Amino acid sequence: MLIDYHIHLKGRYQREFLDKYIENGVNKGIKEFCITEHVHRFKETIDIPNRIIKKFGDNENTNFMKEWWTERCTKTIDEYVNFIQGVKDEGYPVKLGCEMDFLDEPILKSIVKDYPWDFIIGSVHWIQGWGFDHLDREWTWQSRDIDLVYKKYFNLIKEAAKSGMFDVIGHFDVIKVFGYYPSGEWSSLVEETLEEIIQNKIGIEVNTAGWRKPIGEIYPGEKILKQCKKYGIHITLGSDAHKVEEVGYGFDRALMLLDKIGYRFLTIYDKRKDYQIPIEDKANGNI
Ligand SMILES: [Zn+2]
Ligand SMILES: [Zn+2]
């Protein structure tokens, strides 16, 4: 069964809008959709950038974070949850998800606890208030110590895995987005991080958005995915769609890769409980 477990509505909680996403996905053979709105869409998180500025200082990066975040957090969690629950009750093949930044913020822990989520992705998009993956801000990478950037990034992912807040880690190696790599080996960083993921019994997502980004590579890359398979780490599949046409983006190619690596199952979630489903439904001859 084919699923798309990483979709953003960008605050547009209207049935007509969701219908377009679903229609496009169904045409591509997708049977279940998990909407994973970014936590920065929610008014309840408005104070986070102020707290980050307090923690890491008032600088160009943290100020950008504040401006960017404040512009986007215009909806309440209830608006979102009620919308998704409503269409779910009507039989839409959707799940209630959230893509949450891993920031050491008490409000995020209560959001995890206080709503009836089916699925929560834990992602790192900010390192000490630096948003490293904004496509129009590649210049913020200049004169950075890339070895240190990777170390800090994977340390945060390890902490995220340990936090118990998440079902999967989102776009595991998104730090490669612009194609900057450490000077030496960084496989031990990956190994240690996968170790935490295994210890904490969570999964990772296979995220096709990397194929739309400067790096032009899936998250995680093939080598890491092979390690995940070797360690028996469970996976979801997501397009990280921000637009209707991005639902199911690159899935044919992703399925070929998963087949080559030997992944035969995807994971789906209901009220944060995981279930393995075969990618290929041999009985019906379809995916
Ligand atoms: Zn993300
Ligand atoms: Zn996303």
Side-chain angles (χ1 to χ4, degrees), residues 3-13 17-18 21 25 30 33-42 45 48-49 52 64-65 68-69 71-73 75 77 80 84 94-103 105 108 111-112 117-127 129-138 149 153-154 156-157 159-161 163 165-178 193 197 202-215 217-221 224 235-251 254 269:
I3 57 168
D4 191 338
Y5 258 56
H6 194 147
I7 295 173
H8 298 288
L9 297 178
K10 297 170 77 181
R12 294 163 295 194
Y13 309 141
F17 190 72
L18 178 65
Y21 272 66
I30 295 163
F33 302 79
C34 187
I35 312 299
T36 52
E37 198 71 329
H38 277 127
V39 80
H40 66 238
R41 287 283 161 204
F42 306 133
T45 67
I48 286 182
I52 295 289
F64 168 78
M65 181 190 195
W68 186 91
W69 195 294
E71 243 170 55
R72 285 162 178 77
C73 62
K75 299 284 173 179
I77 305 176
Y80 172 57
I84 299 294
V94 296
K95 290 286 168 81
L96 177 65
C98 185
E99 179 179 16
M100 195 162 283
D101 286 276
F102 179 64
L103 297 166
E105 289 298 326
L108 297 183
I111 294 175
V112 167
W117 307 111
D118 287 310
F119 175 64
I120 302 182
I121 302 175
S123 298
V124 172
H125 306 103
W126 307 92
I127 300 175
W130 169 45
F132 57 80
D133 68 337
H134 296 260
L135 296 186
D136 52 349
R137 286 174 60 84
E138 186 185 348
V149 166
Y153 173 81
F154 282 108
L156 286 168
I157 297 286
E159 291 301 314
S163 73
M165 292 162 68
F166 310 121
D167 299 306
V168 300
I169 294 297
H171 39 60
F172 178 84
D173 57 355
V174 68
I175 195 70
K176 70 185 177 184
V177 61
F178 291 113
T193 312
I197 286 173
I202 59 169
I204 62 151
E205 65 154 2
V206 175
N207 179 315
T208 57
W211 279 324
R212 309 192 292 268
K213 299 292 160 68
I215 185 69
E217 201 179 276
I218 196 165
Y219 305 131
I224 298 176
I235 52 166
T236 57
L237 177 62
S239 65
D240 212 341
H242 285 64
K243 301 174 189 156
V244 169
E245 60 272 24
E246 287 172 352
V247 175
Y249 173 88
F251 276 17
Y269 291 80

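Every number for a ligand or one of its atoms is a count from 1 in the order of the listing. Note that the structure is a prediction, hence the values are computed from the model and not measured.
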Contacts of type salt bridge (charged side-chain N to carboxylate O under 4.0 Å, His left out), residue Asp167, not counting sequence neighbours
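For Asp167 the salt bridge (charged side-chain N to carboxylate O under 4.0 Å, His left out) partners, ignoring immediate neighbours, are Arg272.
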
So, using side chain to side chain contact (heavy atoms under 4.5 Å, CB included) as the criterion, who are the partners of Lys10 when residues are at least two apart?
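Residues passing side chain to side chain contact (heavy atoms under 4.5 Å, CB included) with Lys10: His8, Arg12, Arg41, His242.
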
For a distance under 2.8 Å, give residue and atom name for each protein N, O or S atom next to the Zn ion (ligand 1).
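Hits for the Zn ion (ligand 1) below 2.8 Å: Glu99 OE2, His125 NE2, His171 NE2.
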
With ring centroids as reference points, do Phe64 and His134 lie under 6.0 angstrom apart?
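Centroid separation for Phe64 and His134: below 6.0 Å.
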
Checking side chain to side chain contact (heavy atoms under 4.5 Å, CB included) between Val124 and each of Asp133, Ile157, Ile169, which is the one that passes?
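Of the listed residues Asp133, Ile157, Ile169, the side chain to side chain contact (heavy atoms under 4.5 Å, CB included) partner of Val124 is Ile157.
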
side-chain contact (heavy atoms from CB on, under 4.5 Å) between Thr208 and Tyr219, intermediate numbers included
CA-CA 6 Å; Thr208 57; Tyr219 305 131; over 6 Å; no

Got a sec, which residues hit side-chain hydrogen bond (donor to acceptor under 3.5 Å, both in side chains) with Ser123, two or more places apart in sequence or on another chain?
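side-chain hydrogen bond (donor to acceptor under 3.5 Å, both in side chains) check on Ser123 returns Glu99.
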
